[in-house]
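The structure appears below as structure tokens.
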2 protein chains.
Amino acid sequence: MHEQEDLKNAGLKVTLPRVKVLEVFRTADTRHLSAEDVYHRLAGQSADVGLATVYRVLTQLEEAGMLARNTFNAGKAVYELNEGRHHDHLICLGCGRTDEFTDPTIEKRQKAVAESFGYELRDHQMALYGYCPDCAAKRAED
Amino acid sequence: MHEQEDLKNAGLKVTLPRVKVLEVFRTADTRHLSAEDVYHRLAGQSADVGLATVYRVLTQLEEAGMLARNTFNAGKAVYELNEGRHHDHLICLGCGRTDEFTDPTIEKRQKAVAESFGYELRDHQMALYGYCPDCAAKRAED
DNA sequence: TTGGAGTTGAGAATTATTCTCGATGGCTCG
DNA sequence: CGAGCCATCGAGAATAATTCTCAACTCCAA
């Protein structure tokens with residue numbers, strides 16, 4: 001409901017596409033949405049925002065720190081609302097279910113590793129792939 | 001020099017493109033090569049292997065466990081010889097330099113996290129991004 | 001050496017994303 | 001409140017990475 005202020009604070013002009021895209025993320029059933037996903041959800045609700053614009057807006061919102069971009073399996077990028085607290089992902093190879101977690105020990109070690117190589121750490125990406133409880137059970141049956 | 005046996009052991013027919021692609025990896029100056037990279041190196045040495053074939057062979061060699069695929073920044077995939085010992089990457093945002101490392105503590109924690117969610121862990125990818133010593137120094141000057 | 005299954009190469013097709021450009025719409029100033 | 005400028009938009013073309021299609025070719029076992 002406060003999309004307008006958020007955009008203004010980020011130094012972005014308040015336009016219909018930007019407000020609508022944010023709205024989609026705030027009301028979506030899933031946390032992770034691709035450009036195509038967002039595009040379809042908007043098309044489904046009279047708001048006719050072009051695909052190119054969706055891509056543009058996603059990039060801008062990411063740069064403004066309001067969204068976080070992830071490229072899991074490769075192929076396509078997905079975005080999620082950036083709520084401040086960083087986290088990593090656990091992804092099911094069977095059904096695509098995605099869980100989020102943070103592990104202080106891992107974060108600490110990452111910093112240590114980077115330091116030991118003399119690097120100035122800026123970012124990282126980590127994803128664990130496996131089978132969720134349901135899919136693991138299903139696979140065990142065969 | 002033992003490309004032939006390696007291929008045979010993997011159950012792959014010994015063909016010129018497969019041998020050549022492996023050779024490229026074994027004699028390259030860099031560990032990480034994209035399909036395009038491999039293609040150009042082959043073109044540069046009379047061996048005329050089509051780009052589509054390079055892609056096919058890379059996929060096959062990966063499935064056979066002889067190469068490992070990584071999709072760092074997204075965009076394009078790179079491959080490297082799979083020498084058994086798993087490792088993660090540290091990538092310089094300035095010059096693209098790539099270092100490799102393994103951290104038992106992180107591996108252990110990853111397993112623990114997956115378990116705590118009831119997942120059957122199969123694989124993971126992790127990359128740390130930052131500035132290498134050289135690039136960090138250059139950036140500090142400004 | 002010969003035949004067939006597996007493999008190749010060239011180019012077309014696909015997928016994800018970005019660019020181009022004329023039209024449109026926020027927003028600042030008067 | 002209205003005018004105009006500049007940022008933004010939409011559509012479709014363009015790009016980039018990768019995969020598909022299919023006729024021609026090559027390994028290799030017999």
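Letters A, B, ... mirror the listed sequences (proteins, then strands); counts begin at 1. What you see below is based on every heavy atom in this structure, not just the backbone, and it leaves out hydrogens, waters and symmetry mates. Every value quoted in this text rests on a predicted model; they were computed, and no experiment measured them.
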Just grab all the side chain to side chain donor-acceptor pair (under 3.5 Å) pairs involving residues 48-58 of chain B, residues at least two apart or on different chains. B:Thr53-B:Arg56
Any side-chain N or O of A:Tyr55 less than 4.0 Å from the OP1 or OP2 oxygen of C:dT17? yes
A:Asp6: what forms a salt bridge (charged side-chain N to carboxylate O under 4.0 Å, His left out) with it, not counting sequence neighbours? A:Arg26
Over 12 foreign heavy atoms within 6.0 Å of CD, A:Glu115: no
What's the verdict on side-chain contact (heavy atoms from CB on, under 4.5 Å) for A:Glu107 and A:His86, showing C-alpha distance, side-chain angles and the deciding distance? CA-CA 10 Å; A:Glu107 306 275 325; A:His86 160 80; 3.4 Å; yes
Pairs: protein N or O with nucleotides 11-14 of chain C N or O, under 3.5 Å:
none

Can you name the residues that form a ring-ring contact (aromatic ring centres under 6.0 Å, His included) with B:His87, not counting sequence neighbours? B:His89
Measure the distance from CD on A:Glu63 to P on C:dT18 and round it to the nearest whole Å. 11 Å
Hey, does the Lys NZ or Arg CZ of B:Arg139 hover above the aromatic six-ring of B:Tyr131, less than 6.0 Å from the centre and inside 45° of the axis? yes
Restricting to salt bridge (charged side-chain N to carboxylate O under 4.0 Å, His left out), what partner residues turn up for B:Glu63, sequence neighbours left out? none
Round to the nearest Å and state the distance from A:Lys76 atom NZ to C:dT18 atom C1'. 16 Å
Hey, are B:Lys76 and B:Asp37 close enough for a salt bridge, meaning a charged N less than 4.0 Å from a carboxylate O? no
Under the salt bridge (charged side-chain N to carboxylate O under 4.0 Å, His left out) test, residues paired with A:Glu83 that sit two or more places apart: A:Arg31
With sequence neighbours excluded, tell me which residues meet side chain to side chain contact (heavy atoms under 4.5 Å, CB included) with A:Lys13. A:Thr15, A:Arg18
Tell me, please, which residues at least two apart from B:Phe117 pass ring-ring contact (aromatic ring centres under 6.0 Å, His included). none
Length of the line joining A:Phe72:CZ and C:dA16:C1', which is rounded to integer Å: 17 Å
Residue set satisfying salt bridge (charged side-chain N to carboxylate O under 4.0 Å, His left out) with B:Asp88, at least two apart, ordered chain then number -> none
Span of DNA chain D in contact with chain A (heavy atoms, under 4.0 Å): D:dA7 to D:dG12
Taking DNA chain D as the partner, which of residues 7-16 of chain B come within under 4.0 angstrom of it by heavy atom? B:Lys13, B:Val14
Chi angles and distances behind the side-chain contact (heavy atoms from CB on, under 4.5 Å) call for B:Glu80, B:Arg69: CA-CA 7 Å; B:Glu80 64 184 306; B:Arg69 182 217 287 264; over 6 Å; no
Per nearest nucleotide of DNA chain C, the residue lying toward the 5' end, B:Val57 or A:Arg56, is B:Val57
Which residues, if any, of residues 28-42 of chain B bring a heavy atom under 4.0 Å of DNA chain C? none
